[in-house]
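Notes to accompany the following structure.
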Protein chains: 2
Amino acid sequence: MRSDAAFNRQRVLIAGARLLSEQGVEATLNDVAHAAGVGVATVYRNFPNRDALLDALFQAKLDQLIELADHAAGIGDAPAAFDTYLYSVMEAHATDRGVVPVLMRANQSARFAEELAAQLGPRVQPLIVSAQAAGSLRDGFTIQDLCLLSAMVGSVADLTRDTQPALWERYAQMLIDGTRPPA
Amino acid sequence: MRSDAAFNRQRVLIAGARLLSEQGVEATLNDVAHAAGVGVATVYRNFPNRDALLDALFQAKLDQLIELADHAAGIGDAPAAFDTYLYSVMEAHATDRGVVPVLMRANQSARFAEELAAQLGPRVQPLIVSAQAAGSLRDGFTIQDLCLLSAMVGSVADLTRDTQPALWERYAQMLIDGTRPPA
DNA sequence: CACGAAGCGGATGTGGAACTCCGCTTCCGG
DNA sequence: CCGGAAGCGGAGTTCCACATCCGCTTCGTG
């Protein structure tokens, strides 16, 4: 691969990630190409179609969540570690319009679901188990719950972004409260 | 207005409501026209554009929520009345893909926000106040909370409809638990 | 019943976004 | 330093949904 081509591919990925965060999946490939400072054809040369680009960005988002999990795993206190992780994922959903649609493709594509489970599961499951053992998390709580609770926060953030950009935090807190074991 | 024209208008509204429930705002006017058994032009003769049709359907959805509120108001027990209302609104969001986008236009249009507040507020506020007085609902809970909690359930239902159509109930229950006063 | 206005349906126009084609430019091994 | 392969940009094509136009049909009044 020629060096300039590799450089352009990076530019497309970076611009794509930025536009995805800001505008969600609505962003057009024309916009991405323009933002990256390349022509549309260059985008299509690297990614056969729109979905292929999204696939590539999916892995980047996944890496981001993995990093959050690894950071939380470094916290000694089990309840705090879990809470920190859950909150940071919620924050990612709320502030990055690309996370929800990209990750939620897992519901539609077995390949995505597997990759998600394989890469994220081993890191997150211990957080859940430890928090349950410490009594700060209700039994029966699953990774899927974590994904969907975060998606819920994301949807609130989407609806209120224009008028009350910080409101999602209220609901994030409410949901975190809801993860405690029933009294 | 000619009788056949009035009849066709009704057919469009009914078909529009059905498609909105099933497919959400994605439904095309062509589909609506076909489902109603009329031509596209007939739809446009009654509603100058797509938004005008959605406006008309908005009022229908609103009536539906009002009916739910009136039904709940008939329940003597204040906590049960509020819970019933909240759950039934959540159910409406989860099973009718049209409710979220139609109602959430209130966030963008002052007119909708006013109409919503004017028609729904006086019915729902008493439910909230009574439940709070009875100690089953936390202080600071607002109508907006009710709308957004329901929207959250709707978003979960959207994401899981294909694979686990009843999963939204789990989160509905979780959120209702979250409306109790903190221990 | 007859006639004109009101209403009708679908062919057509318009616009925006995904995707392709092609003539020009840039890279890089010999 | 040069030839050609690899890469490039953007004009053009296709597709789909919204919206309009127009010749034909139906209603309902006199």
Side-chain angles (χ1 to χ4, degrees), chain A residues 1-58 60 97-98 100-102 104-105 108-109 112 158, chain B residues 1-58 60 97-98 100-102 104-105 108-109 112 158:
Chain A
M1 185 181 228
R2 253 166 61 174
S3 63
D4 57 340
F7 177 60
N8 277 334
R9 188 188 162 89
Q10 279 313 304
R11 289 210 288 174
V12 169
L13 281 172
I14 291 167
R18 216 196 66 225
L19 283 196
L20 197 70
S21 299
E22 288 171 10
Q23 307 181 14
V25 274
E26 320 289 90
T28 75
L29 285 202
N30 236 313
D31 290 345
V32 172
H34 188 256
V38 303
V40 205
T42 299
V43 177
Y44 281 96
R45 211 167 292 115
N46 284 284
F47 308 96
N49 54 51
R50 184 190 167 71
D51 262 18
L53 174 59
L54 260 39
D55 283 9
L57 296 172
F58 165 82
R97 303 196 58 196
V100 181
V102 169
M104 285 310 141
R105 292 217 269 166
Q108 284 139 21
S109 151
F112 283 147
D158 250 13
Chain B
M1 186 181 227
R2 252 165 61 173
S3 63
D4 55 341
F7 177 61
N8 277 334
R9 188 188 162 90
Q10 280 312 305
R11 290 209 287 174
V12 169
L13 281 172
I14 291 169
R18 215 196 66 223
L19 284 195
L20 196 71
S21 299
E22 289 172 11
Q23 307 180 14
V25 275
E26 319 289 271
T28 75
L29 284 203
N30 236 313
D31 289 345
V32 172
H34 188 255
V38 303
V40 206
T42 298
V43 177
Y44 281 96
R45 210 165 295 115
N46 283 285
F47 308 97
N49 55 49
R50 184 192 167 71
D51 263 17
L53 175 58
L54 290 176
D55 283 9
L57 295 172
F58 165 80
R97 302 195 59 196
V100 182
V102 169
M104 284 310 141
R105 291 216 269 166
Q108 284 138 22
S109 152
F112 283 147
D158 250 14

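These numbers were taken from a predicted model, which means no experiment stands behind them. Proteins get letters first, then strands, A, B, ... in listed order; numbering begins at 1 in each. Keep in mind that the numbers below use all heavy atoms, side chains included, and drop hydrogens, waters and symmetry copies.
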Next item on the list: Dump the intermediate steps for side chain to side chain contact (heavy atoms under 4.5 Å, CB included) on A:Asp55 and A:Phe47, then the final yes or no.
Entry: CA-CA 9 Å; A:Asp55 283 9; A:Phe47 308 96; over 6 Å; no
Margin query: Are B:Arg9 and B:Ile14 packed together at the side-chain level, in the sense that at least one heavy-atom pair is separated by less than 4.5 angstrom?
Written below: no
Note to self: Distance check needed: D:dG9 P versus A:Phe7 CZ, whole Å only.
What the structure shows: 11 Å
Note to self: Expressed as a whole number of angstroms, how long is the span from B:His34:NE2 to C:dG9:P?
What the structure shows: 11 Å
Checklist line | Point-to-point distance, once rounded to the nearest 0.5 Å, from OH of B:Tyr44 to CG of B:Leu53 | finding: 9.5 Å
Margin query: Could you tell me how far apart A:Leu53 (CG) and C:dA17 (P) are, to the nearest whole angstrom?
Written below: 16 Å
Checklist line | Protein-nucleotide distance (A:Asp31, atom CG; D:dG10, atom P), rounded to Å | finding: 14 Å
Margin query: So if I take the C1' atoms of five pairs at each end of the helix from C:dC1-D:dG30 to C:dG30-D:dC1 and get each local axis, what angle do the two axes make, rounded to 10 degrees?
Written below: 0°
Next item on the list: Under the side chain to side chain donor-acceptor pair (under 3.5 Å) rule, collect the residues that match up with A:Asp4, sequence neighbours excluded.
Entry: A:Arg2
Checklist line | Presence of B:Thr42 side-chain N/O under 4.0 Å of C:dG9 phosphate oxygens OP1/OP2 | finding: yes
Check: Which residues satisfy the side-chain contact (heavy atoms from CB on, under 4.5 Å) test with A:Arg11, sequence neighbours excluded?
Finding: A:Phe7, A:Asn8, A:Ala36, A:Val38
Margin query: I need the A:Asp31 CG to A:Arg18 CZ distance, nearest 0.5 Å.
Written below: 10.5 Å
Checklist line | B:Ala56 versus B:Leu13, closest heavy-atom pair with distance | finding: CB-CD2, 4.0 Å
Check: Nearest heavy-atom pair of A:Val43 and A:Ala33: which atoms, and what distance?
Finding: CG2-CB, 3.7 Å
Margin query: Any side-chain N or O of A:Ser3 below 4.0 angstrom from OP1/OP2 of C:dC28?
Written below: yes
Heteroatom pairs (N/O) under 3.5 angstrom, protein to nucleotides 19-23 of chain D:
unit_1, atom_1, unit_2, atom_2, d
D:dA19, OP2, B:Tyr44, OH, 3.3
D:dA19, OP2, B:Arg50, N, 2.9

Next item on the list: In whole angstrom, give the distance that lies between atom CG of A:Asn8 and atom P of C:dT25.
Entry: 17 Å
Notebook entry, point to check: Listed by chain and number, what are the side chain to side chain donor-acceptor pair (under 3.5 Å) partners of B:Asp51, not counting sequence neighbours?
Noted result: none
Next item on the list: Taking all heavy atoms of B:Pro48 and all of B:Ala52, pick out the closest pair and write down the distance.
Entry: CD-CB, 3.7 Å
Check: Atom CZ of B:Phe47 and atom P of D:dC18: how far apart are they, to the nearest Å?
Finding: 15 Å
Item checked: Position toward the 5' end of DNA chain D (nearest nucleotide), B:Glu26 or B:Asp4 -> B:Glu26
I'd like a table of atom pairs between the protein and nucleotides 1-6 of chain D - only N or O on both sides, under 3.5 Å - with the distance next to each one.
unit_1, atom_1, unit_2, atom_2, d
D:dA6, N3, A:Arg2, NH1, 2.6

Notebook entry, point to check: In Å and rounded to the nearest 0.5 Å, what is the CG to NE2 distance from B:Leu19 to B:His34?
Noted result: 11.0 Å
